[in-house]
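Okay, so here's the structure we're looking at.
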Amino acid sequence: MAATPSNPIILYDIPASTELKAWAINIWKTRLLLNLKGLPYRTEWVSYPDIQPTFEKLGIKHTSLKTDGSGRPHYTCPAIIDPTSPEPTKLSDSTPIALYIEETYPNVGPKVFPDASKDAQLEFIDTVVWDIIHPISSLVTAQVPAILDPRGSEYFYRERSALRGKPLETVCLAGSDERKQAWEDLKRGLDAIAKIYDRNVEGKGEYFAGSDITYADIYLAAIFLWARIPSDRDQDLNVDSVWGGIAKLNDGRWEKFMQKFEGLLQVN
Ligand SMILES: N[C@@H](CCC(=O)N[C@@H](CS)C(=O)NCC(=O)O)C(=O)O
């Protein structure tokens, strides 16, 4: 039995106080994919400190080890439980989830890993996108605690300050060289992505491959949705989020790109 409206896929996500409640890059990838395919799903919201105990209890595997050298497992969202019989499938990690969904539901909605572009897409999401993920992460990270619930906020502040080796609020301060550098890196990364998209003549530069949305486009859209976290650190650019700045770059092509996803932002 596959997922049905009365027995939907469960998607685990981290709640924020922002308009859509969904905000985080990795879960947007899965959510956009489920929305594009039109698969029935519902969201279970889990605060950061509850991810590990919840997933341990459910039998959902960790996706990596913590980067602090402790060897502790790192449990992350997104995760899904698909009620496909005989046993429900429990899966974490956005790329394996995307590949699983494509394979398990080949006749539901559009294909996002057509054979012709699958390898190029996997290469793109393993390499090039990180040139924009790293600077965006630096630019938005100090703003994240403000949009989380109190326990999530405390967890994120503690873990990310330790990772960055300094108090989170001091990362990429308004007007700092660190912030200017992050914006420079981000612009360079976006220019490189624009070039890759321009090479796709069939898609008129609007899609990564062919003339339809594939998973590489979903990944890029998820990054841009994450960049919407409200921020007052770029007032010199006259924007209220990193996304506001990105939307002005490359002749507005990313804003036009995101119009394709306007109908895919539902949070079930
Ligand atoms: N490789 C994983 C990474 C997922 C990830 O890092 N998710 C973040 C939210 S965007 C998370 O759940 N972090 C939990 C934590 O930091 O404890 C994927 O692609 O799904």
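Counting starts at 1 for both ligands and their atoms, in listed order. Heads up: numbering here begins at 1 and tracks the sequence. Reckoned from all heavy atoms, side chains included, excluding hydrogens, waters and symmetry mates. These numbers come from a predicted model, not from an experiment.
Sorted by first and then second residue, the side chain to side chain donor-acceptor pair (under 3.5 Å) pairs with a member in residues 259-268 read Glu206-Lys260; sequence neighbours excluded.
When Tyr219, Tyr215, Phe257, Phe124 are each tested for a ring pair (Phe, Tyr, Trp, His ring centres under 6.0 Å) with Phe208, only one passes: Phe124. Here the options are Arg164, Gln181, Arg179, the test is side-chain hydrogen bond (donor to acceptor under 3.5 Å, both in side chains), and the partner is Ser138; only Arg164 passes.
Applying the side chain to side chain donor-acceptor pair (under 3.5 Å) rule to Gln143 yields no partners; only residues at least two apart in sequence or on another chain are considered.
For ligand 1, the polar-atom distance check against Thr76 finds no nitrogen or oxygen pair separated by under 3.5 Å.
Applying the 4.0 Å criterion to heavy atoms of Ala24 picks out, from ligand 1, the atoms 10 (S).
With values rounded to the nearest 0.5 angstrom, Ile125 atom CD1 is found 10.5 Å from Glu123 atom CD.
Remark: among candidates Pro78, Gly152, Cys77, Ala79, the nearest residue to atom 7 (N) of ligand 1 is Cys77, based on non-hydrogen atoms. Counting only non-hydrogen atoms, the option in Asp93, Asp13, Thr63 that gets closest to atom 1 (N) of ligand 1 is Asp93. Residue Arg160 holds the heavy atom nearest to atom 16 (O) of ligand 1 of all those in Glu159, Lys66, Arg160. Residue Tyr48 holds the heavy atom nearest to atom 13 (N) of ligand 1 of all those in Tyr155, Tyr48, Phe55.
At a heavy-atom cutoff of 4.0 Å, ligand 1 is contacted by the side chain of Lys29 but not by its backbone.
Phe55 has its ring centre less than 6.0 Å from the ring centre of Tyr12.
Judged by the shortest distance from any of its heavy atoms, Trp226 lies outside the 4.0 Å radius around the atoms of ligand 1.
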